Amino acid sequence: MATLCSAIISKAHTLLQDNNVRWPDTELLDWINEAFKAITLVRPDATMKTGAFKLTTGTSKQKLNTSGSLITDAIRLRSVVRNLGVLTTDTGRAIRPEPQRVLDDQIPTWHSQVDNTNGVQFYVHDPLNPLVFYVYPHTSVAAWHVEVVYTAEPVTVTSSSDAISVDEAYVPAVLDYVCYRAYSKDAEYTANAALAQGYYQRFMGNLQVGGQSAAASTVVDSGKVTV
């Protein structure tokens, strides 16, 4: 069962030694939403999703969150996995990442190549342009879908009865961030400034340890290109 925001708020009041006076629940709820965003910046896997994306026809250039694409909550693309065809339940051939320079060198006209039968073979993605990617070949079929993995915008909570919108593993990080922001409110007091800094360090430490654990548990396959 997902952790409710009320549970985090209750723990925060205990740590802050406050009972909805200096730091009201509505304020702590704001910090919870901010924590989701901060976590996602450091750990994109905290809100990662897999979904069907409808290609824009007649062009190699694709962009998440466009009207009619079926995906509207993306922050950044992680990977393009496979073709799904006209129906999102179809299973097509795999799609591999490819450096743009390779396609530019080997197939200079790759942006104009079309395949309406087998779909996409390769995709090109620059992490510095997180929502945009290019496919080769593209299609002129009206509703061709591919499966993508992407980081989603965290869902904004509006009530303490809402469940958190990041993975359960990040509950301690959310709590640390809330306490950091709460004590930052009184940072003119030396003790509270030190407490704020301590909670922020704990917050970042939790995320870094989580990242190391995720890296350690990742299956290594020397025969597969990863991005």
Side-chain angles (χ1 to χ4, degrees), residues 2 33 36-37 39-41 43-158 162-168 170 214 218-219 221 223-227:
N33 279 312
F36 297 157
K37 297 180 185 298
I39 289 170
T40 304
L41 285 175
R43 293 296 307 274
D45 57 313
T47 57
M48 199 161 283
K49 293 182 178 181
T50 300
F53 174 81
K54 187 169 73 171
L55 296 177
T56 300
T57 60
T59 177
S60 63
K61 184 179 180 180
Q62 308 296 324
K63 186 176 182 180
L64 301 178
N65 296 348
T66 55
S67 177
S69 71
L70 302 184
I71 293 177
T72 59
D73 61 342
I75 296 176
R76 61 171 62 88
L77 177 73
R78 167 63 178 172
S79 63
V80 183
V81 181
R82 59 178 175 164
N83 288 277
L84 297 177
V86 176
L87 301 176
T88 59
T89 55
D90 290 345
T91 300
R93 70 182 182 185
I95 303 173
R96 294 181 54 190
E98 191 71 32
Q100 182 173 343
R101 67 179 182 276
V102 174
L103 291 178
D104 290 346
D105 290 343
Q106 300 298 322
I107 315 171
T109 60
W110 67 273
H111 285 286
S112 62
Q113 301 299 306
V114 178
D115 186 337
N116 291 330
T117 302
N118 299 307
V120 178
Q121 184 176 357
F122 300 108
Y123 76 95
V124 172
H125 178 240
D126 180 355
L128 296 180
N129 194 6
L131 295 178
V132 173
F133 64 101
Y134 294 83
V135 297
Y136 166 79
H138 64 267
T139 177
S140 59
V141 176
W144 192 275
H145 301 84
V146 296
E147 185 176 76
V148 300
V149 179
Y150 66 99
T151 297
E153 177 77 27
V155 176
T156 299
V157 293
T158 57
D162 291 340
I164 63 171
S165 59
V166 293
D167 190 272
E168 287 291 298
Y170 298 100
T218 300
V219 176
D221 182 356
K224 181 179 180 180
V225 178
T226 60
V227 293

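Small disclaimer: the values here were computed from a predicted structure and weren't measured. Numbers here are sequence positions counted from 1.
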- line: Residues L77 and Y150: closest non-hydrogen pair is CA-CB, 4.3 Å

- prompt: Sequence neighbours excluded, which residues qualify as side chain to side chain contact (heavy atoms under 4.5 Å, CB included) partners of A94?
  reply: none

- request: For V102, check side chain to side chain contact (heavy atoms under 4.5 Å, CB included) against everything at least two apart and list the hits.
  value: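 Testing V102 for side chain to side chain contact (heavy atoms under 4.5 Å, CB included), a comparison that skips the adjacent residues, returns E98, P99, Q106.
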
- prompt: Does Q121 have any side chain to side chain donor-acceptor pair (under 3.5 Å) partners at least two apart in sequence or in another chain, and if so, which?
  reply: none

task: Kindly write out the residues that satisfy side chain to side chain donor-acceptor pair (under 3.5 Å) with T57, not counting sequence neighbours, or none if the list is empty.
output: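 T57 satisfies side chain to side chain donor-acceptor pair (under 3.5 Å) with no residue once adjacent residues are dropped.
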
task: Start with the C-alpha distance between H138 and L55, add both sets of side-chain angles, then the distance that settles side-chain contact (heavy atoms from CB on, under 4.5 Å), and finish with yes or no.
output: CA-CA 8 Å; H138 64 267; L55 296 177; over 6 Å; no

Among pairs that include at least one residue of [range], which meet ring-ring contact (aromatic ring centres under 6.0 Å, His included), considering only residues two or more places apart or in two chains?
range           : answer
residues 46-73  : F53-F133
residues 75-99  : none
residues 59-114 : H111-Y134
residues 55-74  : none

Please list all pairs passing the salt bridge (charged side-chain N to carboxylate O under 4.0 Å, His left out) test where one or both residues lie in [range], with sequence neighbours left out.
range            : answer
residues 136-157 : K37-E153, R82-E147
residues 133-145 : none
residues 47-56   : K49-D73

- prompt: Tell me, do V146 and V81 make a side-chain contact under 4.5 Å, heavy atoms counted?
  reply: no

query: How long is the span from the CG atom in L64 to the CG atom in L131, to the nearest 0.5 Å?
result: 5.5 Å

message: Please report the interatomic distance CH2(W144) to CG(D115), rounded to the nearest 0.5 Å.
response: 7.0 Å

- request: Give a yes or no answer on whether the side chain of H145 reaches the backbone of L87 with a donor-acceptor pair at less than 3.5 Å.
  value: no

message: Could you work out, with ring pair (Phe, Tyr, Trp, His ring centres under 6.0 Å) as the rule, every residue matching F122, not counting sequence neighbours?
response: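 Not a single residue meets the ring pair (Phe, Tyr, Trp, His ring centres under 6.0 Å) criterion with F122.
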
